Amino acid sequence: MTDAAALPGQPRGGVLSGPATARAVNVLAPNASAMTLDGTNTWIVSEPDSPLAVVVDPGPLDDGHLGHVMETAEKMGKRVALTLLTHGHPDHAEGASRFAELTGTHVRALDPALRLGDEGLGAGDVITTGGLELRVVPTPGHTADSLCFHLPADRAVLTGDTVLGRGTTVVAHPDGRLGDYLDSLRRLRSLTVDDGVHTVLPGHGPVLEDAQGAVEFYLAHRANRLAQVETAVENGHTSAADVVAHVYADVDRSLWPAAELSVRAQLDYLQEHGLI
């Protein structure tokens, strides 16, 4: 059995649902799958002495889960005052409209199509609901609309699908772009170096205790995969499906369709930089 401390990012063991930091509590959605790991992490974030809370990524359209999120907040003595989205994939955002209806809240997101209310989210925005400080960090790459939320008081960052608690994420071509994703990982690395962030609160999987280690692993993994794809093309594997079969031969075949999206993004990146 592998010691969690030896794994990238030092994933925290134990139950995923429940308090993760002084200000963040996870409610795990019942939508476990190969792509969602244990399920989607819905985060309730608030100042300890505030009656107001912010919910990040309500998750799928599942009334049982949405009700559980509300009940958890109520047991904490909190009223949900705002809903935020890290990005628009259904496992994170499909339940947002219904959740907003249940809680009477607005939904803020980068993509205008996902918003309920007049305010969106963008670089430099700071959420201050109930005295909370959540800083918006644009992190396109997994999708064009991906955001992270920096929680300075807990030295933590909520990463959505940009960094997962286990494994690596998909660059969802054509919406997701590898160059953007690499820039986003470097932006997150700067949070760990310059702003003291040490905890990753991911959209799926366990909390990571070593944010810098996780981001460095992701950057190294992407560089390694890119080199493998470049070599595969040089050896005559020119289609995305062919590259997947060659480069991802050791990966569960059920994940190959997702891997093909990342390969398409890598092929675009290599072409844009004149490497193939």
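Residues: numbered from 1 along the sequence shown. Quantities reported herein were computed from a predicted structural model and do not represent experimental measurements. Side-chain atoms are counted along with the backbone in the values below, which use heavy atoms only and exclude waters and symmetry mates.
- Residues Leu84 and Leu121 are in side-chain contact: their nearest non-hydrogen atoms beyond the backbone lie under 4.5 Å apart.
- Within the 4.5 Å cutoff, the side chain of Ser146 has heavy atoms near those of the Thr139 side chain.
- Residues Leu158 and Val163 are members of separate hydrophobic clusters, defined by side-chain heavy-atom contacts under 4.5 angstrom among Ile, Leu, Val, Met, Phe, Trp and Tyr.
- His150 and Ala156 get closest at one heavy-atom pair: CD2-O, 3.4 Å.
- Screening Leu116, Val80, Val55, Thr129 for a side-chain contact (heavy atoms from CB on, under 4.5 Å) with Thr105, the sole residue that qualifies is Val80.
- Considering every non-hydrogen atom in both Val207 and Trp43, the closest pair reads CG2-CH2, 4.0 Å.
- Here the side chain of Ser184 pairs no donor or acceptor atom with the backbone of Gly141 at under 3.5 angstrom.
- Asp62 places none of its side-chain heavy atoms less than 4.5 Å from the side chain of Glu94.
- Among Asn41, Thr21, Thr72, the one residue that satisfies the side-chain hydrogen bond (donor to acceptor under 3.5 Å, both in side chains) test with Asn26 is Asn41.
- Between the CZ atom in Arg23 and the CG atom in Asp154 there is a gap of 4.5 Å [rounded to 0.5 Å].
- If you chain together hydrophobic residues whose side chains sit under 4.5 Å apart, Leu201 and Leu82 fall into the same group.
- To the nearest 0.5 Å, atom CZ of residue Arg264 and atom CG of residue Leu178 are 15.0 Å apart.
- Residues Ala245 and Ala249 approach most closely at O-CB, 3.5 Å, considering heavy atoms.
- Side-chain contact check for Asn31 and Thr36: no donor-acceptor pair (N or O, by modelled atom type) lies under 3.5 Å.
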Go through the steps for Thr162 and Thr159 under the test side chain to side chain donor-acceptor pair (under 3.5 Å), then give the verdict.
CA-CA 5 Å; Thr162 299; Thr159 55; over 6 Å; no
Yes or no on salt bridge (Lys or Arg N to Asp or Glu O under 4.0 Å) for Asp38 and Arg166, after CA distance, side-chain angles and deciding distance?
CA-CA 10 Å; Asp38 310 274; Arg166 185 170 67 249; 3.3 Å; yes
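- Contact between Leu85 and Pro58 at its shortest, heavy atoms only, is CD2-CD, 3.6 Å.
- Looking at residues two or more places apart in sequence or on another chain, you find a ring-ring contact (aromatic ring centres under 6.0 Å, His included) between His246 and His237.
- Here the closest non-hydrogen pair linking Gly196 and Arg155 is O-NE, 2.9 Å.
- The number of heavy-atom neighbours closer than 6.0 Å to CZ of Arg222, taken from other residues, nucleotides and ligands shown, is above 12.
- Side-chain contact check for Pro206 versus Leu16: some heavy-atom pair is nearer than 4.5 Å.
- With rounding to the nearest 0.5 angstrom, the CG atom of Leu28 is 10.0 Å from the CG atom of Leu37.
- For the ring-ring contact (aromatic ring centres under 6.0 Å, His included) condition, the pairs that include at least one residue of residues 187-211, sequence neighbours left out, are His92-His204.
- Under a hydrophobic-cluster definition in which Ile, Leu, Val, Met, Phe, Trp and Tyr are linked whenever side-chain heavy atoms come within less than 4.5 Å, directly or via other members, Leu270 and Val170 are assigned to the same cluster.
- With a 4.5 Å cut-off on side-chain heavy atoms, Val229 and Leu267 count as touching.
- Between Val171 and Asp180, every side-chain heavy-atom pair lies at or beyond the 4.5 Å cut-off.
- Scanning for side-chain contact (heavy atoms from CB on, under 4.5 Å) contacts around Asp145 gives His87, Leu110, Asp111, Leu114, Thr143, with sequence neighbours left out.
- Side-chain atoms of Trp256 do not come within 3.5 Å of backbone N or O of Val244 as any donor-acceptor pair.
- Put simply, CG on Leu226 and NE2 on His221 are 11.0 Å apart, with the number rounded to the nearest 0.5 Å.
- Under a hydrophobic-cluster definition in which Ile, Leu, Val, Met, Phe, Trp and Tyr are linked whenever side-chain heavy atoms come within less than 4.5 Å, directly or via other members, Leu147 and Leu151 are assigned to the same cluster.
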Under the criterion side-chain contact (heavy atoms from CB on, under 4.5 Å), I'd like the reasoning laid out for Gln212 against Asp210: C-alpha separation, chi angles, the key distance, then a yes or no.
CA-CA 6 Å; Gln212 185 173 351; Asp210 176 16; 4.1 Å; yes
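- For the atom pair CG (Leu185) and OG (Ser190), the distance works out to 11.0 Å, reported to the nearest 0.5 Å.
- Within the model, atoms CD of Gln228 and CD of Gln266 stand 9.0 Å from one another, a figure rounded to the nearest 0.5 Å.
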Quick one: do Asp63 and Arg98 satisfy salt bridge (Lys or Arg N to Asp or Glu O under 4.0 Å)? Show the steps, please.
CA-CA 8 Å; Asp63 274 355; Arg98 174 62 174 156; 3.2 Å; yes
Using the salt bridge (Lys or Arg N to Asp or Glu O under 4.0 Å) rule, take Glu230 and Arg225 through it: C-alpha gap first, then chi angles, then the decisive distance, then the call.
CA-CA 9 Å; Glu230 184 176 1; Arg225 282 296 193 211; over 6 Å; no
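- At least one side-chain heavy atom of His65 sits less than 4.5 Å from a side-chain heavy atom of Pro30.
- Side-chain N or O atoms of Lys78 include one that pairs as donor or acceptor with a backbone N or O of Ser50 at under 3.5 Å.
- With Asn235 contributing its side chain and Ala232 its backbone, the two residues share no donor-acceptor pair below 3.5 Å.
- Minimum interatomic distance between Tyr181 and His142 (heavy atoms only, all atoms of both residues): CD1-N, 3.8 Å.
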Step-by-step side-chain contact (heavy atoms from CB on, under 4.5 Å) determination, Tyr218 to Leu164:
CA-CA 10 Å; Tyr218 265 57; Leu164 305 179; 3.5 Å; yes
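- No more than 12 heavy-atom neighbours from other residues, nucleotides or ligands sit within 6.0 angstrom of CG on Asp118.
- Taking the side chain as every heavy atom from C-beta outward, Leu182 and Tyr269 approach each other to under 4.5 Å.
- Hydrophobic clustering, with ILVMFWY side chains joined whenever heavy atoms are under 4.5 angstrom apart, keeps Phe149 apart from Leu191.
- Between the side chain of Arg187 and the backbone N or O of Val137, no donor-acceptor pair lies under 3.5 Å.
- Residue Val54 is tested with Thr128, Ile44, Ile127 for a side-chain contact (heavy atoms from CB on, under 4.5 Å); the sole match is Ile127.
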